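In what follows, a structure is listed as structure tokens, so that the remarks can point back to it.
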Amino acid sequence: MPELPEVESVLRQLRPRVRDRWIVRVTADAQTRFGGLDDAAGKRIIDLRRRGKYLLAPLEAPGERRPSRELVLHLGMTGALRLRGEDGWVPDSYVRASFVLDDGVLDFRDVRRFGRLTVVTQGDYKHIATLANLGPEPLSPQFTSEGFHRALQRSRQSVKSQLLSQRPVAGVGNIYADEALWQARVDPRARRLSRQRSDRLWAALREVLAEAVEREGTTFRDYQMVNGESGRHASFLQVYGKAGVPCPRCATPLRRVVVGGRGSTLCPRCQRW
DNA sequence: AGATCGGCCTGGACGC
DNA sequence: TGCGTCCAGGCCGATC
């Protein structure tokens, strides 16, 4: 369930801790979602960045002038990164991979094994389709209302499915999609948005995500930061997971529908096609 | 080629 | 208490 705000919070805690550290060796479960991890050993973590829900770490071998490889990490639904022995973290049976660094051990814990860990040639995402086709960062100047409207027009999927596809904009998952659609008063099943509705959704996405980043994300079940703490945004959610509860805007009971195979909570009165 | 749907994976909630 | 069933969901690959 980590979406942009949650991954951003992990990034902010982890970046200063792993930047410029050497990876001594990597141990990992035999999992199809893990690949090329042997390539990480003996290299230095030049930086840690975020694109959408992905964490990216350029890796440089001794003597290289620029990073040749890149670690791509996706937390999936239940992934967490913890530093061994810090903030009370003791490894348990859900640790799927460990990075032995020159000054400590970084554990990747992932109950449901939806997370992904891959080492690729720097910048080469052709085997990671979602990352290769990732839309702009919602809180960057590259995310414009014009561009968003144009991107939505390229597909006839429901707007909810489009948001979850990561193509029109990066980093939105089920929680913030439902929140932004409610705030913009747009029905998740709508397939063609007027420019006006598209603009409302554009603004709502930016607002909802920025607020959640400020509160270090939403902890519903499993999400936790590097220091083990929860995000503070859960109690500020307006609609996600609140079917049956009165709409905060019009008091009509919120309803759960399935859109593109995903549960969605909406207000049947406020949110229009 | 684009849309849609099922599978992956596990724990927790729920019903009987 | 215990067992079975369903749900959560990001992403991917198979199929329509």
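Below, chain A is the first sequence line, B the second, and so on; all start at residue 1. No experiment lies behind these values; they were computed from the predicted model shown. Just so you know, these numbers use all the heavy atoms, side chains as well, and skip hydrogens, waters and symmetry mates.
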Charged N to carboxylate O under 4.0 angstrom, A:Lys160 versus A:Asp178?
yes
Between A:Asp107 and A:Arg84, is the closest basic N to carboxylate O distance under 4.0 Å?
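Yes, charged N to carboxylate O under 4.0 Å.
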Separation of atom [atom1] in [X] from atom [atom2] in [N], rounded to whole Å:
X        : N      : atom1 : atom2 : value
A:Phe34  : B:dC8  : CZ    : P     : 18 Å
A:Arg33  : C:dG10 : CZ    : C1'   : 8 Å
A:Arg167 : B:dA1  : CZ    : P     : 15 Å
A:Leu131 : C:dC12 : CG    : C1'   : 14 Å
A:Ile128 : C:dC12 : CD1   : P     : 8 Å
A:His127 : C:dG13 : NE2   : P     : 11 Å

Can you name the side-chain contact (heavy atoms from CB on, under 4.5 Å) partners of A:Ala210, sequence neighbours left out?
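Only A:Leu139 meet the side-chain contact (heavy atoms from CB on, under 4.5 Å) criterion with A:Ala210.
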On a heavy-atom basis, the closest approach of A:Gly263 and A:Asn174 is O-ND2, 3.0 Å
Give the nucleotide from the list [options] with an atom nearest to the side chain of [X].
X        : options                : answer
A:Arg112 : B:dT10, C:dG10, C:dC12 : B:dT10
A:Phe114 : C:dC11, B:dC8, B:dA3   : B:dC8
A:Asn174 : C:dC11, B:dT10, C:dG10 : C:dG10
A:Val111 : C:dC12, B:dG11, C:dC7  : B:dG11

Over all strands shown, is A:Arg113 touching base, sugar-phosphate only, or nothing at heavy-atom distances under 4.0 angstrom?
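Here A:Arg113 touches the backbone only, sparing every base.
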Within the structure shown, what part of the strands sits under 4.0 Å from A:Thr78 by heavy-atom distance: base, sugar-phosphate, or nothing?
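Contact class for A:Thr78: none.
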Looking at [N], I'd like to know if its phosphate oxygens (OP1 or OP2) sit under 4.0 Å from a side-chain N or O belonging to [X].
X        : N      : value
A:Arg191 : B:dT4  : yes
A:Arg256 : C:dA8  : yes
A:Tyr94  : B:dG11 : yes
A:Gln157 : B:dG2  : no

Cluster check A:Leu55, A:Val72: I/L/V/M/F/W/Y, side chain < 4.5 angstrom:
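No.
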Under 30°, 30 to 60°, or over 60°: which ring-plane class applies to A:His74 and A:Tyr54, parallel, tilted or perpendicular?
perpendicular
Please report the end-to-end axis angle for the helix from B:dG2-C:dC16 to B:dC16-C:dG2, five pairs per end, rounded to 10 degrees.
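Axis-to-axis angle, ends of the helix: 50°.
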Can you list the steps and then say if A:Ile23 with A:Ile45 is a side chain to side chain contact (heavy atoms under 4.5 Å, CB included)?
CA-CA 7 Å; A:Ile23 298 173; A:Ile45 302 170; 3.8 Å; yes
